[in-house]
Amino acid sequence: MASLKDLRNRIASVKATQKITKAMQMVAAAKLRRAQEAAEAARPYAERMDSVLANLARALGDMTGAPRLLAGTGKTDNHLLVVCTAERGLCGGFNSSIARLAREHADELKRNGKSVQILCVGRKGADQLKRTHGGDIIDVVDFRAVRQIGFDNAQSVAERLLTMFEGEEFDVCTLFFSRFKSVIAQIPTAQQIIPAEVGGDTEGNNNGGAVYEYEPEEDAILADLLPRNIAVQIFRALLENAASEQGARMSAMDNATRNAGEMIDKLTLSYNRQRQAQITKELIEIISGAEAL
Amino acid sequence: MATFQFELVSPERLLFSAEAEQVVVPGTEGDFGVLANHAPVMSTIRPGVLSVETGSERKEYVLLGGFAEVSPERLTVLAEKAYERDAVDKDDLAQQVQNAREDVADAKDDETRAKAQEQLDQLEQLQALV
């Protein structure tokens, strides 16, 4: 049985922990708002980009002359998985669920005899994948020093992918991130970015089938636009991820604070019981001592 | 005067979204003005100045590359980077010029060199302008 002093110490320590988790929850809530705003501000660009690309792809008709970023290399042997996770832990199942999705995907590909390479954006995902797929990880991009994800960050990743693609190091590239649905729901998502998947659902945006003039030619525009689209997709993924991370952390820390509260209640109860028992014991000792005289 | 919907978006945010009377866009193959009921055009953008005229005021933005989509009732400009004319990040611009210079120096064949040189010229022109 723990002594009174031990119990007192434990209560103090749980209280300190609770203070920390409470503070983290509030910080996450504040950051979440900012991250959410950033994700929403970036949405119009990505949406317009999608519809413009869809229009262009339609104008191009069949894929024979299309750039390789759109049509693919004609093979699907070498896969590159870009796994975007957070740089910090203590955010519930956020990092694990992304890593798990990537791991399952990688295993599935390997079973089908494809080769897999993994590029980790974010340290936490790399830590988790290292155990099972350490050999496949080609590099880890670290954004720890970056406070607010900017387009430049996404662009640097995109440029790297493009150089690798031009060097024919992979045929298909899939992006893993967590889509922000709400504070309590983040959906781990896999999205293929090379070859680009052009949305078919853009009926509202084709201006009733109007024929566009292109300046310069279609293929020149497309060649310019496709690499940029990669950066935009990565940027969107990073922003969604940032919002998801804060959401996940907020709910995880909320849970932790509540659990700490329950623990404090339980410890306080047993502390009080023991204190009372001790008082009773002392009283009995005094009384029986007095009677013996 | 007839107006049309004009949107200027950069990856990070929506800079302008309102009715405009006239917009002059710095296209890759030359500036072009857009009025309401313009024929549908898609054009890439060179680094340059875009000016918007709404009924009451005139605004200028500095764009560093991007893409414009014109249809009779709207104009959407997807800018890679965009600043308001008087809030241009001069350091960033200088950095871009520097990068372009390096590209020219690094170019392996004539075609890429010509392209890089063109980019550099446009950037330098813009730098002189602001």
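Throughout, protein chains are lettered first and strands after them, A, B, ... in sequence-line order, and every chain is numbered starting at 1. Since the model is a prediction, treat every value here as computed from it, not as a measurement.
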Segment of [X] engaging chain B (4.5 angstrom heavy-atom cut-off):
X: A/F151; result: both
X: A/I149; result: neither
X: A/R43; result: neither
X: A/E40; result: neither

Study note, to complete from the structure: CZ of B/F67 to CG of A/L53, rounded to nearest 0.5 Å, is 8.0 Å

What part of [X] is in contact with chain A, defined as an atom under 4.5 angstrom from a non-hydrogen atom: side chain, backbone, both or neither?
X: B/T76; value: side chain
X: B/S10; value: backbone
X: B/A79; value: backbone

Nearest heavy-atom neighbours spanning [X] and [Y]:
X: B/L14; Y: A/P44; value: CD1-CB, 4.4 Å
X: A/Y45; Y: B/L78; value: CE1-CB, 3.6 Å
X: A/D224; Y: B/G66; value: OD2-O, 4.4 Å

Exercise for review: Output yes when a side-chain donor or acceptor of A/E213 lies under 3.5 Å from a complementary backbone atom of B/A39, and no otherwise.
Suggested key: no

**Study point:** Enclosure of B/E57 CD (heavy-atom neighbours >12, cutoff 6.0 Å)
**Key:** yes

Check your understanding: In terms of heavy-atom contacts, does CZ of A/R33 have more than 12 from other residues, nucleotides or ligands at under 6.0 Å?
Key -> no

Revision key, fill the gap. Of the listed B/E12, B/K81, B/E7, the one with the largest count of heavy-atom pairs under 4.5 Å with chain A is B/E12

Check your understanding: Side-chain contact, heavy-atom cut-off 4.5 Å: B/M42 with A/E215?
Key -> no

